[in-house]
Structure formats: C-alpha cells, structure tokens
Amino acid sequence: MNNGIMRFKQFQSKQNRLFLKILSYFLSLLIPIIIIGVSEYAYSISMIKNQFNERITTNLESAANTIDLYINTTQETGINFLFDYTVMNLLIPKDQQSLTIKSELWRLPRILQRSENIISNFTDSTFVYIDNQEVYVGAGVNTFSSYFNNIYKYDKYDTAYWINKQNSTKSIELLPVSRVIQEKMAIKQVVPIVMTNRIQNQNAVMVVNISINAIVNALKGNAVFDSTNFVVLDGNQQIIYDEHGLMNGSPESSAWLPAFHEQGGAQDIEIQGKRYMIAHIKSNLYGWDYYSFTPLSEFNQHTVNILQMTVLLSIVLIVMGIIFSFVFSIRIYNPIRNIRDVIALKSDLGKGDPADNIHSNEFDLIRQGIDRLSDSNQQYKVKYDKHTSEYVEYSLLFLLKGHTLNQEEILRETLKADFGFTRAGFICCSVHFDFKEAFYEDIQDTERIYVINGIKKIIWSLLGRDLPAYVLEHRQHLFVGLVNVDEAQETELLYEAFNRMLGIFEYDIRMYYDITIGIGTFYTNVNDIGISYNEAMTALGKRNKEKRFQIVDSNHMSIRNSYQYSLYDEQKLLNYLKLGDESAVSTVLEEIVENNMRRSMSYEHMGQLFKEMYVTGVRFLAEKGRNVTSLEMDQQLQQFTSPAIGDTLTGTKEELQQIIQSFYARIIEVTKAQKGQRSGSLVSLIEKYIQEHYTQDLGLEQIADEMGVSVKYVSRVFKGKTGVYLTDYINQVRIEKAKELLTRTEMKVNDIAESIGIHSRTTFLRVFKKVEGVSPNEYRTLYKKND
C-alpha cells in the first residue's frame with residue numbers, strides 16, 4: 001500500500017510537468033500575435049498609402065472633369081448664341097445697319113444676357129463684336145476702344161489684338177491665361193475662350209472669359225485635404241494656376257517633373273525641402289495638365305495612429321493571452337488530472353506500473369469522448385439537412401440539369417423518410433400542358449395560377465395512388481414526376497395513372513389544352529434521375545402534334561446522348577458577363593460547346609444546351625432590371641424563345657453558336673451602357689407593363705415571358721419587393737381604372753368590366769367587392785351622393 005502511495009505521489013509530480021507543458025503550448029501561441037501585428041502594420045500602411053494615392057487621384061480627376069464640363073458648356077453656349085437666328089440677323093457692322101436693324105439692336109444684349117446666365121457660375125464676363133466700333137455685352141453696347149482700354153483691359157491682349165481676331169480662321173480657341181483690369185479697379189485672372197462665326201460675310205467674334213477663381217474652387221471643392229495645393233497647365237504647358245510657385249516659375253525649371261512623368265501614377269517627391277504626394281491628370285478634352293500636391297504629413301499622421309493602435313492592440317492581446325493561457329491550462333489540466341488520479345488509484349490495486357497505464361489511456365479516454373460528441377453532432381446535422389423540403393427540390397433540380405450528387409445516399413434517405421421511396425429504382429415522367437386560346441379567354445388571368453397549382457396536385461395524387469411519387473413544376477406548363485418503382489415493368493402502372501388523368505381532364509382537353517406525357521426509363525442510381533428526365537423530355541419532343549392526349553415512352557426509342565452544362569460553367573458565363581469581357585465569354589462558350597460535341601451530343605440535346613445558355617443570359621438581364629425585348633434581337637432569338645417543347649431548332653452548330661455569341665455580346669453592350677445611369681428594377685418593369693396593358697389578358701406566364709424569366713421568379717420577386725401578390729396588384733390596378741369610369745362616365749357595369757380586361761361580369765363583381773367592400777353600383781351611388 002505504501003508503495004502505491006509513493007508511486008501516486010511520483011505521478012503527481014509528473015502531472016505538474018504536464019501543466020507546465022500545456023501552459024507553454026498556450027504561451028507559444030502568443031508569438032504569432034507579434035508577427036501578425038508587424039505584418040498587419042506593414043500591410044495597413046501599404047493599403048492606406050494605395051488608398052491615399054487612389055483617393056487624391058480620383059478627386060483630382062473629378063475636379064478636372066468638372067472644369068472640362070465648365071469649358072465645354074461655355075463653348076456650346078457661345079456657339080448656340082452665334083448661330084441664333086435673331087443674332088445672325090441683327091449682328092452686323094455698324095455702318096451696314098439699317099434703321100430697322102438699329103431699332104431691334106436692344107435684343108442682342110438680352111440674348112447675350114440669357115447666355116451669360118447659363119454659364120455665370122464659372123465665367124467672369126462675355127462680350128461679342130463684329131467690327132472695331134462696338135462691343136456688345138449683357139448690360140448693353142460699348143465703344144470698341146473704350147471697352148478694351150478702360151472697361152475690360154487685358155494684360156496680354158490689346159485692342160489691336162482683338163481687331164486682328166476678326167481675321168482668325170479658328171472657330172474655337174482657348175487663349176493663355178491673362179490678368180484683367182475691370183473698370184480700372186478689380187484685377188482678375190481669366191482664360192479667354194474665343195469663338196468666331198461667319199455672319200453676312202463678316203466674322204463675328206464672341207469671347208467668354210473663364211474665371212480662374214472658378215477653376216480654383218472646382219479643384220479645392222474636390223480636394224480630400226485642405227492643405228492640398230494645385231497647379232494647372234494649359235495645352236501649351238503654360239502655367240494657368242500655381243499659387244505657391246511649386247513649378248518654380250515654369251514647368252521647364254521643375255527638376256522633379258521628368259522623373260515624375262517617367263514613373264507615372266501618384267508619387268512621393270520632395271519639393272522646396274518639403275515632401276508631397278503628387279497626383280497628375282491630363283484632360284482628354286483640352287490637353288490641360290492638373291497636378292495636386294498633398295503634404296506627406298497628412299499621410300504620416302494616419303500612419304502614427306495606426307502604429308499606436310497596432311502596438312496597443314498587440315499589448316492588450318498579449319496580456320489577455322497570458323491570462324487566458326493560465327485559465328485554459330488550468331481548465332484543461334484539472335479534468336486530465338482528475339481522470340488520471342482515478343486511474344492511478346485503481347491501478348494501485350491491479351498489476352503493472354500505474355504510470356504506464358495512465359500514460360497509455362488518459363488521452364484515449366478524452367479522444368473517445370470527443371469522437372462520440374463529433375459523431376453525434378454529425379448525425380444530427382445530416383438528419384436535419386435531409387429532412388428539409390428545400391433540399392429535396394434543389395437536389396432534384398440539380399439532377400434534372402444533368403449534374404451528379406456527391407452524397408446521393410442523403411437524397412435517397414430523405415425521399416425514403418419523407419415520401420415513402422422504399423423501392424429499388426426511379427422513373428422520371430414529364431407532363432406538358434399546351435394551353436389553347438380558349439383557356440386564356442375563359443380563365444381570368446389572375447386566377448390561372450390557382451388552376452396550375454390544382455393541376456400539379458391532381459398529377460401528384462394520381463401518381464401516388466399506386467407508387468411513391470414526387471412532383472414539381474420544373475418549367476412553365478411542364479410538370480416533372482419522380483416515381484419510385486422496383487423494376488422497369490412497373491411502367492404499366494404509370495400508364496394506368498395517366499389514363500385515369502385522361503378521364504379527369506377529358507372535358508378540359510377538348511376545350512383548353514393538349515396533354516403530352518413523356519416517360520423515361522428505369523434506373524436504380526439516384527444520379528441517373530437526370531438521364532431518365534432527359535429521356536422523358538426527348539420523348540416529349542417526338543410527340544404527334546395532331547393528338548390532344550398522348551403518352552410517349554422512351555423505352556420504345558433509341559436514346560444515347562445528353563449534354564453537360566454544369567453550375568460551374570453557368571457561373572463562369574455569368575461572371576464574365578458581369579465583367580463585360582466579351583472575349584472571355586466567347587472562349588467559355590466555345591469550350592462548353594466543344595466539350596459536348598466531343599461526347600457525340602445529339603442534335604436535340606445540342607438545342608437544349610443552347611436554350612440553357614440562352615436562359616442564363618435572360619436571367620442575367622432580369623437581375624439587371626432589363627428584359628430580352630430591350631436587346632432588339634427578337635428575330636434572331638425567336639427559335640430560343642418558342643414555348644413549344646416539340647419545336648425543333650434549325651441551323652448548324654456554328655449558326656446557333658453565332659446567335660448565342662451575338663446575344664451575349666448585345667447583353668454586354670446594353671448592360672455596359674447602364675453604368676452611371678439609374679436602371680429600372682424588375683419590379684418597376686412589371687408594374688409599368690401592367691399599367692400599360694391592364695386592358696389585355698395578363699396571365700402570370702405572359703408577364704414572365706415578357707420579362708424573360710420564370711413564373712416562380714416573377715411571383716417571388718414581386719411579393720418580396722412590394723409585399724403584394726402579383727395577381728392582387730393586377731386586380732388593384734383594374735379596380736382603380738374601374739372606379740374612374742364609374743365616377744366619370746355613365747358606362748354600364750358590363751362595358752366597364754370589358755374595358756379594364758375582366759371579361760366576366762361575375763368575376764368583375766366579385767373582385768370589385770373584394771377590393772372595395774361594395775358592389776360597383778353601390779360605389780357609384782355613394783360617390784354621387786357625396787359629390
């Protein structure tokens with residue numbers, strides 16, 4: 001017994017070493033904090049410097065664009081003035097003016113004043129003349145010599161200069177900056193813009209003076225920092241603005257300028273003993289150069305703050321790390337100690353060295369407990385995932401596109417647990433409804449969705465009577481049923497179910513629609529469901545269009561091919577469409593087609609492949625708030641937009657591929673044109689379409705076709721954005737129009753119903769009372785009484 005106690009005490013000393021070892025492991029984790037702190041500081045400095053450069057460059061570019069807009073607006077205003085009909089009739093030399101002309105000359109200053117009002121925010125003055133006797137301004141008429149010598153005197157341009165300008169052959173000319181003395185008092189700097197136009201065999205000259213102050217205000221108004229200085233050079237590299245002499249008098253004397261342009265981009269350069277972050281923008285319109293000089297101290301101030309924050313954060317993390325290391329070490333050490341104590345005491349009663357027993361088992365016990373917890377958690381997660389209806393529908397849609405599931409057993413177990421799929425294999429069947437004109441005439445558009453949902457429930461009920469089944473509405477008017485069977489011979493049970501469906505829909509088939517049913521072949525593998533679906537769809541394509549009801553079984557056909565269009569392929573196309581990279585889109589398209597052609601893809605599946613790629617483009621347009629009709633390619637895309645399942649695509653692979661490439665190129669062109677503009681959302685397009693077409697038949701499938709998306713997508717997006725069901729919104733619009741007709745006209749109720757797109761009096765009365773709470777006649781009576 002004493003020997004056992006002795007061994008236990010020796011073991012406790014080993015436990016202390018275990019505690020120190022655990023603690024050292026935790027403390028070693030603090031080393032990365034220092035490494036991460038240094039790395040984060042360096043990375044933050046780099047990122048901030050890049051953002052700093054980008055920000056000042058972007059703001060300088062914005063200012064340059066503003067100034068270009070000023071000058072461009074000035075030119076357009078001047079040109080509009082010179083080409084004004086009244087100006088061209090009245091602006092003639094003084095010695096050629098008749099009494100009639102002189103009596104109308106008062107109009108010229110007024111027209112000039114209107115032009116000045118347009119550009120008054122960024123111009124100093126505007127004047128026009130056609131001879132060397134008179135100068136017209138917004139306030140009136142001045143003599144030529146008096147104006148240029150006393151009223152508005154340029155430093156660089158004397159009276160003779162302006163006389164010679166009448167012989168200029170340039171329509172528009174930007175003159176170098178000049179100082180101006182206005183009425184011998186105010187001294188300003190301006191950039192004159194000279195515009196000439198031939199009027200009645202004489203050159204009329206209009207001069208608009210751009211204020212340097214307006215240019216400076218535009219630059220400083222877009223500056224990130226108040227300490228930023230600016231330099232502006234004209235197209236001849238003459239200084240327009242340099243308040244602080246950073247160019248040393250001229251661009252030629254600036255030693256830093258050549259190296260700056262050679263390296264390009266914003267740069268850190270020392271000028272006159274002070275370091276600046278210099279950015280440069282060159283105007284594409286007038287060739288002016290704009291430079292911004294931001295003191296580097298602005299940037300350094302940010303870096304100091306980051307360094308302080310990084311150091312402080314690192315210290316806090318290290319202190320917290322040390323504290324938590326002790327806490328966690330104790331928390332981890334104590335359970336291990338308790339387990340090992342129990343094992344050590346028990347080992348004292350057994351054979352062998354207790355320390356060896358504990359050394360071999362202590363962590364195994366903990367590992368086994370963790371393994372049990374992990375296994376339990378994983379089982380719960382799998383069970384939760386496989387019992388969601390979204391997972392089942394998503395997985396089936398994934399398989400119908402021809403993809404494969406990596407964990408097909410999860411879907412199989414889900415179908416077994418929730419839908420009774422206990423049999424060995426699967427058969428897909430496709431049920432297509434081809435609705436006739438009578439359906440759209442007799443069934444109100446807002447009620448058709450309920451009819452479609454009812455049809456889906458009937459199909460599911462009929463298939464589920466003899467066999468486990470799952471039915472989903474895969475596309476517009478197309479239902480896909482997945483049936484669980486034990487062997488291929490049980491297909492006969494499907495014939496019985498569909499013949500019962502013929503009995504239920506017999507009247508409707510004669511009146512409203514054709515029904516075609518395609519049946520795929522039997523497969524035992526979940527990942528072959530997509531193959532069975534493709535066979536069912538191929539069977540649909542082989543139907544006899546003269547029959548109103550028919551069942552086409554793929555077991556009686558030879559089908560060997562399919563196509564591959566994965567979510568990965570689709571996502572690549574969508575990504576490059578978003579980037580507007582037409583070349584990359586073309587390359588991906590070529591790869592998808594060539595990969596399928598190497599698999600000996602049949603012509604029918606080639607058509608389905610191109611239709612899938614067309615749908616990808618339509619969905620991308622819908623996300624951008626556009627529809628296919630905006631592309632103006634209806635003629636080219638007609639074969640892709642046909643709703644009939646059996647229609648065969650025409651054209652070779654090359655021709656179809658060229659159409660899709662043109663389609664994508666047009667999408668890129670249209671969506672690029674939207675940049676900088678406010679594009680309408682899908683909901684706005686739907687509301688606008690309903691407002692414009694409420695008198696017509698407005699089935700959800702028609703609206704979806706017009707928008708280029710599915711009925712499900714239209715309904716979900718509209719309800720999510722507005723909180724109102726689409727059918728209710730259609731009814732609201734129509735009832736509002738009906739209320740206007742009831743109160744403003746004496747039309748009969750039947751005629752009002754027809755005029756707003758509701759062709760049944762009963763339906764109109766029911767919908768009106770549902771929305772307003774009273775009948776149409778009661779509403780009219782109440783309105784007249786209140787009026």
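Keep in mind it's a predicted model, so treat the numbers as computed, not measured. The first residue of the sequence shown is numbered 1, and numbering continues consecutively from there. Keep in mind that the numbers below use all heavy atoms, side chains included, and drop hydrogens, waters and symmetry copies.
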Are a donor atom and an acceptor atom from the side chains of [X] and [Y] found within less than 3.5 Å of each other?
{"X": "Ser125", "Y": "Asn209", "answer": "yes"}
{"X": "Asn149", "Y": "Thr159", "answer": "yes"}
{"X": "Asn222", "Y": "Ser62", "answer": "yes"}
{"X": "Glu134", "Y": "Tyr136", "answer": "yes"}
{"X": "Asp289", "Y": "Gln237", "answer": "yes"}
{"X": "Ser292", "Y": "Thr228", "answer": "no"}

Short question: side chain of [X], backbone of [Y] - any donor-acceptor pair under 3.5 Å?
{"X": "Asn89", "Y": "Tyr85", "result": "yes"}
{"X": "Lys156", "Y": "Val177", "result": "yes"}
{"X": "Ser755", "Y": "Ile752", "result": "yes"}
{"X": "Thr74", "Y": "Val208", "result": "no"}
{"X": "Asn236", "Y": "Gln238", "result": "no"}
{"X": "Gln97", "Y": "Ile92", "result": "yes"}
{"X": "Asp728", "Y": "Val724", "result": "no"}

Any side-chain heavy atom of [X] sitting closer than 4.5 Å to one from [Y]?
{"X": "Val231", "Y": "Tyr241", "value": "no"}
{"X": "Lys737", "Y": "Gln691", "value": "yes"}
{"X": "Val180", "Y": "Gln189", "value": "no"}
{"X": "Tyr290", "Y": "His280", "value": "no"}
{"X": "Gln661", "Y": "Glu582", "value": "no"}
{"X": "Ile667", "Y": "Phe620", "value": "yes"}
{"X": "Asn203", "Y": "Asn167", "value": "no"}
{"X": "Asp242", "Y": "Tyr291", "value": "no"}

Compare every heavy atom of [Y] with every heavy atom of [X], then report the nearest pair and how far apart it is.
{"X": "Arg780", "Y": "Met747", "result": "NH2-O, 2.9 Å"}
{"X": "Leu112", "Y": "Gly138", "result": "CD2-N, 3.7 Å"}
{"X": "Ile703", "Y": "Leu698", "result": "CD1-O, 4.2 Å"}
{"X": "Ala204", "Y": "Leu82", "result": "CB-CD2, 4.3 Å"}
{"X": "Ile163", "Y": "Asn132", "result": "CG1-CB, 4.0 Å"}
{"X": "Pro93", "Y": "Asp131", "result": "CA-OD2, 3.3 Å"}

Taking the inter-plane angle between the rings of [X] and [Y] on a 0 to 90° scale, is it parallel (under 30°), tilted (30 to 60°) or perpendicular (over 60°)?
{"X": "His693", "Y": "Tyr689", "answer": "parallel"}
{"X": "Tyr157", "Y": "Tyr154", "answer": "perpendicular"}
{"X": "Phe127", "Y": "Trp162", "answer": "perpendicular"}

*Between Tyr729 and Phe718, does a ring-ring contact (aromatic ring centres under 6.0 Å, His included) hold up when you go through it step by step?*
CA-CA 10 Å; Tyr729 179 78; Phe718 193 91; 5.3 Å; yes
Enter the distance from [X]:[atom1] to [Y]:[atom2] here, rounded to the nearest 0.5 Å.
{"X": "Ile119", "Y": "Gln75", "atom1": "CD1", "atom2": "CD", "value": "10.5 Å"}
{"X": "Tyr70", "Y": "Ile210", "atom1": "OH", "atom2": "CD1", "value": "10.0 Å"}
{"X": "Ser145", "Y": "Asn150", "atom1": "OG", "atom2": "CG", "value": "8.0 Å"}
{"X": "Asn229", "Y": "Phe293", "atom1": "CG", "atom2": "CZ", "value": "8.0 Å"}
{"X": "Asp234", "Y": "Leu174", "atom1": "CG", "atom2": "CG", "value": "8.5 Å"}
{"X": "Asn197", "Y": "Phe81", "atom1": "CG", "atom2": "CZ", "value": "11.0 Å"}

Does [X], at its [atom1] atom, have more than 12 non-hydrogen atoms belonging to other residues, nucleotides or ligands within less than 6.0 Å?
{"X": "Lys719", "atom1": "NZ", "answer": "yes"}
{"X": "Ile187", "atom1": "CD1", "answer": "yes"}
{"X": "Glu54", "atom1": "CD", "answer": "no"}

*For the pair Met195 and Ser171, evaluate side chain to side chain contact (heavy atoms under 4.5 Å, CB included) and give the outcome as yes or no after the intermediate values.*
CA-CA 5 Å; Met195 291 159 280; Ser171 299; over 6 Å; no
*Could you check Ser178 against Asp155 for side chain to side chain donor-acceptor pair (under 3.5 Å), going step by step and ending with a plain yes or no?*
CA-CA 6 Å; Ser178 174; Asp155 264 4; 5.8 Å; no
*Evaluate the ring-ring contact (aromatic ring centres under 6.0 Å, His included) criterion for residues Phe148 and Phe144: first the C-alpha distance (whole Å), next the side-chain angles of each, then the deciding distance (0.1 Å), finally the verdict.*
CA-CA 7 Å; Phe148 289 110; Phe144 194 88; 5.0 Å; yes
*Provide the full list of salt bridge (charged side-chain N to carboxylate O under 4.0 Å, His left out) pairs with a residue in residues 213-231, sequence neighbours left out, each pair given once.*
Lys220-Glu243
_side chain to side chain contact (heavy atoms under 4.5 Å, CB included) between Val128 and Val207, intermediate numbers included_ = CA-CA 6 Å; Val128 64; Val207 181; over 6 Å; no
*Verify side chain to side chain contact (heavy atoms under 4.5 Å, CB included) between Lys721 and Val717, making sure each step is shown before the conclusion.*
CA-CA 6 Å; Lys721 293 291 185 182; Val717 170; 4.2 Å; yes
*Begin with the C-alpha distance, continue with both residues' side-chain angles, and end with the deciding distance and a verdict on side chain to side chain contact (heavy atoms under 4.5 Å, CB included) for Val137 and Thr126.*
CA-CA 6 Å; Val137 296; Thr126 303; over 6 Å; no
*Electrostatic pair Lys188:Asp124 at N-O distance under 4.0 angstrom*: yes
*Between Glu740 and Arg734, is there a salt bridge with N-O shorter than 4.0 Å?*
no
*asked:* Applying side chain to side chain donor-acceptor pair (under 3.5 Å) as the test, list every pair that has at least one member in residues 102-114; sequence neighbours left out.
replied: Glu104-Arg107
